[in-house]
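Just so you know, these numbers use all the heavy atoms, side chains as well, and skip hydrogens, waters and symmetry mates.
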Amino acid sequence: MRCYRLLTVLLLLCLCLGGCGRHTEAPPLASGGGTVESGAPAAEPDREQLAETAKVLTQAVVRCTSGFPEGPLTPPSAPPEGEGPGRVPSFLCTVIYFQSQGCPGSLYAGEFYRDSDLMYHLAEDAGPRVLEEVLGIPDWDMSTMGFEHDQAAGEYLTGLEFGLGGSWDYGEIGEVTVEDGRVTVECQAVPLFPEEVEYCPCRCVYTVEQTGDRFFLRLEKVEVG
C-alpha cells in the first residue's frame, strides 16, 4: 500500500515537471510591427467588387475626359486655383447616375439610388468621399452642386437629369483585370459628333488603396490605344 502511494506521488511529480517545461510561442509579428492572431487571415479586397466599381467609375471618367482621340488626355481633376469647378461636378453627377442604375456589387452600392419619383438620393458624405478616393480632391463643398440637403435624413437629393458632361460617351466595356494592386478597364470612347473616328480604344487604370478597413480605387491614368 505504501509503495503504491509512493508510485502515485512520483507519477504526479513527473507530470508537474513536464507541464512546467512546456512553453507557448509568441504570435508572429505583422508587417506593420503589431501582433496578429495565429491563423487569422489578412484582409483582402473583394476582386468582384473592385471590378464592378471600376466599371461604374470608367463610364464617368470617359464621359468627363478631354483629349480624345489624341493626347495629352485630361481626366477630371481638381480645378486650378482661382478657376471654376471644371468637370468635377459632371464626374460626380455621372457616377451618381450610373451607380443609381443598379450595380449592387459596387463599393458605392446603397449610397446612391433613384426612387420611384425619379429623385436621386446620395448619402451625406458619399459625394465628397468619391471625389477624394477616386480623384484625390479633398473637402469638396456639396453646396456648390445645387442639391437639396436633407439634414435630418443625412442625405442630398436632386431631381435633375444629368447630361453627358462632355463630347465623348463610353462605348463597349471590355476586359477588366484585377492584379498587382491595380484594376485596368479596357473600353471604348465614342464621339458624340463623329467625324474622322468611330471610336477610340482606351483604358482606365486604377490603384487599389485602403484606409482603415475600407478599400477604394484611385484613378491613376487614362490611356488611348
- [ ] Given side chain to side chain contact (heavy atoms under 4.5 Å, CB included), test Leu57 with Val95 step by step and report yes or no.
- [x] CA-CA 6 Å; Leu57 296 177; Val95 171; 4.2 Å; yes
How long is the straight-line distance from [atom2] of [Y] back to [atom1] of [X], given to the nearest 0.5 Å?
X: Thr94; Y: Arg87; atom1: OG1; atom2: CZ; answer: 11.5 Å
X: Phe147; Y: Leu122; atom1: CZ; atom2: CG; answer: 6.0 Å
X: Thr58; Y: Leu219; atom1: OG1; atom2: CG; answer: 8.0 Å
X: Leu50; Y: Glu44; atom1: CG; atom2: CD; answer: 10.5 Å
X: Ser100; Y: Leu118; atom1: OG; atom2: CG; answer: 11.0 Å
X: Arg214; Y: Arg129; atom1: CZ; atom2: CZ; answer: 4.5 Å

Given side chains that start at C-beta, do those of [X] and [Y] come closer than 4.5 Å, heavy atoms only?
X: Thr184; Y: Cys204; answer: no
X: Val222; Y: Thr74; answer: no
X: Val224; Y: Pro69; answer: no
X: Glu124; Y: His149; answer: yes
X: Cys202; Y: Cys187; answer: yes
X: Glu132; Y: Phe216; answer: no
X: Trp168; Y: Thr65; answer: no
X: Lys55; Y: Phe98; answer: no

Are the side chain of [X] and the backbone of [Y] linked by a donor-acceptor contact shorter than 3.5 Å?
X: Arg182; Y: Tyr206; value: no
X: Asp115; Y: Asp117; value: yes
X: Arg114; Y: Gly159; value: no
X: Glu52; Y: Ala54; value: no
X: Thr53; Y: Leu107; value: yes

Look at the side-chain heavy atoms of Ile, Leu, Val, Met, Phe, Trp and Tyr, link any pair under 4.5 Å apart, and say whether [X] and [Y] land in one connected group.
X: Leu157; Y: Tyr113; result: no
X: Leu135; Y: Val205; result: no
X: Ile173; Y: Val190; result: no
X: Tyr170; Y: Val197; result: yes

Open item on the list: A quick test of your reading: do over 12 heavy atoms of other residues, nucleotides or ligands sit less than 6.0 Å from CG of Asp141?
Closed with: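 It does: Asp141 CG has more than 12 such atoms within range.
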- [ ] Tell me, yes or no, whether the heavy-atom count around Tyr199 atom OH, taken from other residues, nucleotides or ligands under 6.0 Å, exceeds 12.
- [x] no
TODO: Let me see the working for Gln59 and Tyr97 under side chain to side chain contact (heavy atoms under 4.5 Å, CB included), right down to the final yes or no.
DONE: CA-CA 10 Å; Gln59 293 169 340; Tyr97 172 78; over 6 Å; no
Give me the atom names and distance for the closest heavy-atom approach of [X] to [Y].
X: Ser106; Y: Gln99; value: OG-OE1, 2.8 Å
X: Phe68; Y: Leu73; value: N-CD2, 3.8 Å
X: Cys64; Y: Ser90; value: SG-C, 3.7 Å
X: Ser77; Y: Ile137; value: C-CD1, 3.8 Å

TODO: Please step through side chain to side chain contact (heavy atoms under 4.5 Å, CB included) for the pair Leu217 and Thr207, ending with a clear verdict.
DONE: CA-CA 6 Å; Leu217 297 179; Thr207 56; over 6 Å; no
TODO: Quick one: list whatever passes side chain to side chain contact (heavy atoms under 4.5 Å, CB included) with Glu175, sequence neighbours left out.
DONE: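 With sequence neighbours excluded, Glu175 shows a side chain to side chain contact (heavy atoms under 4.5 Å, CB included) to Thr177, Glu186, given in chain and number order.
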Open item on the list: Given Ile96, which partner from the list Phe91, Phe112, Tyr108 fulfils the side-chain contact (heavy atoms from CB on, under 4.5 Å) test?
Closed with: Phe112
Task: Glu148, Met142, His121 screened by side-chain contact (heavy atoms from CB on, under 4.5 Å) with Tyr156, the one that passes - done: Met142
TODO: Compute whether any side-chain donor of one residue and acceptor of the other, for Thr211 and Glu209, lie under 3.5 angstrom apart.
DONE: no
Open item on the list: Could you work out, with salt bridge (Lys or Arg N to Asp or Glu O under 4.0 Å) as the rule, every residue matching Glu48, not counting sequence neighbours?
Closed with: none
